[in-house]
Structure formats: structure tokens, C-alpha cells
Amino acid sequence: MSYSLMIHGGAGALEDLKYEASEAVFRESVLSILQAGRQRLEGGESALAVVEFCVMMLEDSPLYNAGRGSVLNAQGQVEMDAALMNGSDLRAGGVTCVKNVKNPIALARQVLEQGDHVLLAADGALQFAKQQGTELCPDAYFVTEARIKQLAEAQAAGRMTLDHERIKPAQKLGTVGAVACDLSGNLAAAASTGGLVNKRWGRVGDTPIVGAGVYADNETCAVSATGYGEQFLRTVFAKTIADFVQFQGLDAAGAAQAGIDYLVRKVNGDGGRS
Ligand code: GLY
């Protein structure tokens, strides 16, 4: 039995933008995380554990719009979303609008393992994090000068943007995610994000929503999306891709393309997937 692993650091085209970090820095970061995840799969770890691990690594890097590198909402705060799903039994866990949680994906894993609920929000999620002993960080860990400047620019222009949006040069990539198939043939998917620059306080995107930003089912595929959450929510994007596999017999690549075609056709969507 073989394994497979894909990770993403957000939709967008590196060559179109002038980043604070060079393309080489992003490439090295992604490849080193991918390599570490591959070693874990080779060592027999579950797909669920490996997608969590990879997303934690991405959250710990200030390069990406997740965890430490999260963008700021309209009030200058970091509110993060994350979720993951296990393809063998459809267990899932998500957190939304969480603050001060170092690794939202690890908290989502605890929601999944605890099992009573699928999605916890805001203060309730924070209380759960404290009960679980989840690592918390002060605002200063997340709120950087670059992010403050980015928010000020977005507010001056009166817009709400993806971190990597083409009209906003000198920005970094967006939402992160991972999908994996382990040596036992089990699938898992994970995603984590700070959301949109200058988003309304309390806004929930696709990332923590099972079927929109993430989905995994051993019978079909594993999906981790990145892009404008509102469009991914309206098209139930991740489950739509899985349905192309299940009900139309497409392979993973064909289903992903069919899902993107549907996203563009129905809501003029913008983003990507792995
Ligand atoms: N896809 C991330 C977001 O819209 O929040």
C-alpha cells in the first residue's frame, strides 16, 4: 500500500505578486513541511495525524494566513477558523472565530476526538481550549506590524480581501491545508485560516465548515479548499467535489476540476483546492 500527501499555503500565483518573502522562501517552507509529513506517513502515522501535523507547521510559520500569520479583522483582531475530517468514519472537528489559540487545528482535533460536537465557536471554543490545556498565546504573538499595515491599507481602500489577492501587492499567501492517504488507505483533510483581511467581526468562512472548506470520505476523496469562503459556502464546495467522485465516477483530478468549474459557473468563485 502506498501513501500520498498534498499541502497548500493558499490560493494565488506567486509570480504575480511582490512578497515580503521571496518565492524561494515559500517553496522551501512548503517542501520542508511536505517532507516532514511524508516521513510520518512512511512511518505508519495515520492520515488524520499527518494532516494535523502539517497544518500545525503551517500555522506556526508567519508566512501563511493561519495561526501566527493570520490576517486582521476590521477591529484589528485575529479570529481564526480551522477544521479537519477523518475519512474512515466521517468524524470531524472544527473551531471558528477563535482568538489566542496557538494552533487552531490542534483544537479542532480535540473537538473531533471529544466527539460530542463537530464545531465550537468563539468564547465556547476558548473555554474548551482552556479545559483541554491547549497552548494559548498573547495577542502580540499574532498581531504584527505588517498585518496592521495591511489592514490599514484595506480599510483606506474600503475593501475586504484575501491575503494573497492580486490587487494587493506585497502580501503573503492565504489559508493553509493538507490532504493525505495513509498506508492503510484512510483519507483525511484539514484546513486553517485567519480568513479575510478587514472581515467583519464574527464572520465565519468556509474553512471550519465540513462540506465547504474540508471533506474526507474513504469512499470518495479528501478535499481542503482555499479562496473566498462565501463562495465556497454557497457551493458546498468540498462535498460537491466528493459528489463528483461518488455519483459521476470521476477521479480525484477530474472531480477537483469539475468542482472548480461549478464554483466559477455558479458564483464566479475564486480560489483553489488540494
Ligand atoms: N477560505 C478562507 C476564508 O474565506 O475564510
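Small disclaimer: the values here were computed from a predicted structure and weren't measured. Numbering of ligands and ligand atoms starts at 1, following listing order.
For ligand 1, one of its N or O atoms has an N or O atom of Asp206 under 3.5 Å away. Between Gly227 and ligand 1, at least one pair of N/O atoms sits closer than 3.5 Å. Taking distance alone, with nitrogen or oxygen atoms compared against 3.5 Å, Gly229 approaches ligand 1 more closely than that limit.
Between Leu63 and Phe26, the closest heavy-atom pair is O-CE2, 3.6 Å.
Contact atoms of ligand 1 toward Thr175: 1 (N), 2 (C) (distance under 4.0 Å to a heavy atom of the residue). Those atoms of ligand 1 with a heavy atom of Thr207 less than 4.0 angstrom away are 1 (N), 2 (C). Of all atoms in ligand 1, numbered sequentially from 1 with element shown, those under 4.0 Å from a heavy atom of Gly195 are 5 (O).
Taking Lys99 as the reference, nothing meets the salt bridge (Lys or Arg N to Asp or Glu O under 4.0 Å) condition, with sequence neighbours excluded.
With a heavy-atom cut-off of 4.0 Å, Arg203 touches ligand 1 through its side chain alone.
Put simply, Tyr141 and Leu72 are part of the same group of oily side chains (I, L, V, M, F, W, Y) that touch within less than 4.5 Å, one to the next.
Here Lys102 does not pair with Glu59 in a salt bridge; the nearest charged N to carboxylate O distance is not below 4.0 Å. Using a cutoff of 4.0 Å between basic side-chain nitrogens and carboxylate oxygens, Asp243 and Lys239 are scored as salt-bridged. Note on Lys149 versus Glu145: no salt bridge recorded, every NZ/NE/NH1/NH2 to OD/OE distance being 4.0 Å or above.
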